[in-house]
*Asks:* 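Have a look at this one.
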Amino acid sequence: MATKVRNLRTTHTKQSLISAFLNLVSKKDFEKITIADITKGAKVNRATFYTHFDDKYDLMDYIFGDSALASIEKYTSGVMKFDQDSINQLFLAVCDFYQQSNVQCRNSNEILALPQMKEKILKELKFFLTKSLEHNYADNEMNLYVPIFAQIIHEGALQWATGNITASKEEVGKNIALFVVSGSQSSIAGTSR
């Protein structure tokens, strides 16, 4: 029972730190946010912050990783399939990931955050694609195709999220999914010759 209470308290404290950070980052430049600002917003002491995170960069890294995974799980329900619908859902998940983050970040923080966001969402895309393709390709082929498919999905979603594409995300997602799946089928046909 004591362990369960401790785990709940830890989870609550960590969530308080995250909420305080997200509140601050929407109002203040990242460079100007201090650990004292975060702990004051979370109503915890400095030592408690360092129990959970090394520094504010570690906190931001944790938030983006958690958010990337949550977006993909929300859209895919954890089902690892490689078909047009699944690829479309991955595309929508990446769009959602970037939309959620833009709501919470000031423009001055986007330059700092974008590389970390990209790293986290690409990591989750690659994991999902690897699991969904493990029966279709040999390891050496997966090492080639998974990063390419992940980049296509990511870049399409990023272009949509930044406003560089005016079509609806559903339309863009269907086109990206068709392109990725038809490209994978071409590569399977090419290797079987």
*Asks:* According to a 4.5 Å side-chain heavy-atom criterion applied to Ile, Leu, Val, Met, Phe, Trp and Tyr, with indirect links allowed, do Y137 and I148 form part of one hydrophobic cluster?
*Replies:* yes
*Asks:* Is there a path from I153 to M80 through hydrophobic residues (I, L, V, M, F, W, Y) whose side chains come within less than 4.5 Å of each other?
*Replies:* yes
*Asks:* In terms of heavy-atom contacts, does CG of D139 have more than 12 from other residues, nucleotides or ligands at under 6.0 Å?
*Replies:*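 For D139, atom CG is not crowded (no more than 12 foreign heavy atoms under 6.0 Å).
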*Asks:* Supply the atom-to-atom distance Q84 CD to S182 OG, rounded to the nearest 0.5 angstrom.
*Replies:*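 Answer for the CD-OG pair, Q84 versus S182, is 7.5 Å.
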*Asks:* What I'd like to find out is whether the side chain of V44 reaches to under 4.5 Å of the side chain of I38, using heavy atoms alone.
*Replies:* no
*Asks:* Does some side-chain heavy atom of I87 sit less than 4.5 Å from a side-chain heavy atom of L129?
*Replies:* yes
*Asks:* Between atom CG of L133 and atom OH of Y145, what is the distance when rounded to the nearest 0.5 Å?
*Replies:*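 Reported value, rounded in 0.5 Å steps: 11.0 Å.
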*Asks:* Is it true that K120 and D61 make a salt bridge, defined as a side-chain N closer than 4.0 Å to a carboxylate O?
*Replies:* yes
*Asks:* Say you draw a straight line from CD of E155 to CG of N164; how long is it, rounded to the nearest 0.5 Å?
*Replies:*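 Answer for the CD-CG pair, E155 versus N164, is 9.0 Å.
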*Asks:* Determine the minimum heavy-atom distance between D96 and K74, stating which atoms define it.
*Replies:*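 Scanning both residues, the minimum pair turns out to be OD2-NZ, 3.6 Å.
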*Asks:* Please check: side-chain N/O of S86 versus main-chain N/O of F82, any donor-acceptor pairing under 3.5 Å?
*Replies:* no
*Asks:* Nearest heavy-atom pair of L122 and Q151: which atoms, and what distance?
*Replies:* CD1-NE2, 3.5 Å
*Asks:* Which distance, rounded to the nearest 0.5 Å, do you find between the CE of M117 and the CD1 of I63?
*Replies:*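 Result: 11.5 Å between the selected atoms.
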*Asks:* If you take all heavy atoms of S16 and A42, which pair is closest and at what distance?
*Replies:* O-CB, 3.5 Å
*Asks:* Same hydrophobic cluster for V79 and V146, using side-chain heavy-atom links shorter than 4.5 Å among ILVMFWY?
*Replies:* no
*Asks:* Is there a donor-acceptor pair closer than 3.5 Å between any side-chain N or O of D55 and the backbone N or O of Y57?
*Replies:* yes
*Asks:* If you look only at pairs with a residue in residues 121-134, which of them pass as a side-chain hydrogen bond (donor to acceptor under 3.5 Å, both in side chains), with sequence neighbours excluded?
*Replies:*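 Of all non-adjacent pairs touching residues 121-134, none passes side-chain hydrogen bond (donor to acceptor under 3.5 Å, both in side chains).
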*Asks:* In sequence, state the C-alpha distance, the side-chain angles, and the governing distance for L90 and V94, and then conclude on side-chain contact (heavy atoms from CB on, under 4.5 Å).
*Replies:* CA-CA 6 Å; L90 283 176; V94 178; 5.6 Å; no
*Asks:* Would you give the length of the straight line joining atom CG of L125 to atom NZ of K118, rounded to the nearest 0.5 angstrom?
*Replies:* 11.5 Å
*Asks:* Cationic tip of K56 within the cone over F21's six-membered ring, i.e. under 6.0 Å and within 45° of the normal?
*Replies:* no
*Asks:* Do K174 and F91 have side-chain heavy atoms sitting under 4.5 Å apart?
*Replies:* no
*Asks:* Under a 4.5 Å side-chain heavy-atom rule over Ile, Leu, Val, Met, Phe, Trp and Tyr, are M60 and L69 clustered together?
*Replies:*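 No; tracing contacts between hydrophobic side chains, which count when under 4.5 Å, never links both residues.
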*Asks:* In the structure I gave you, are the side-chain heavy atoms of N88 and I176 within less than 4.5 Å of one another anywhere?
*Replies:*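 Not in contact.
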*Asks:* Is W160 reaching over with its side chain to a backbone N or O of A167, donor-acceptor style, under 3.5 angstrom?
*Replies:* yes
*Asks:* Would you indicate whether Y75, at its atom OH, is surrounded by more than 12 heavy atoms from other residues, nucleotides or ligands within a distance under 6.0 Å?
*Replies:*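 Count over threshold, so yes.
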*Asks:* Measure the shortest side-chain to side-chain distance between Y62 and K14 over non-hydrogen atoms and say whether it is less than 4.5 angstrom.
*Replies:* yes
*Asks:* Is any side-chain heavy atom of V25 closer than 4.5 Å to a side-chain heavy atom of I33?
*Replies:*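 They are in side-chain contact.
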*Asks:* Could you tell me which non-hydrogen atom of F64 sits nearest to which non-hydrogen atom of F97, and how far apart they are?
*Replies:*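 So the minimum-distance heavy-atom pair works out to O-CE1, 3.6 Å.
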*Asks:* Specify the closest pair of heavy atoms between L59 and L17, including all atoms of both residues, with the distance to one decimal.
*Replies:* CD2-O, 4.2 Å
*Asks:* Return the minimal non-hydrogen interatomic distance between P147 and M142, and the atom names on each side.
*Replies:*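 Smallest heavy-atom distance, with atoms named: CD-O, 3.7 Å.
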*Asks:* Using side-chain heavy atoms (C-beta onward) and a distance below 4.5 Å, is H154 in contact with Y98?
*Replies:*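 Touching, per the 4.5 Å side-chain cut-off.
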*Asks:* Does E119 reach the side chain of P115, with side-chain heavy atoms less than 4.5 Å apart?
*Replies:*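 Side chain of E119 against side chain of P115, heavy atoms only: no contact under 4.5 Å found.
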*Asks:* Distance from T13 atom OG1 to K43 atom NZ, nearest 0.5 Å?
*Replies:*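 Nearest 0.5 Å value for the OG1-NZ distance: 13.0 Å.
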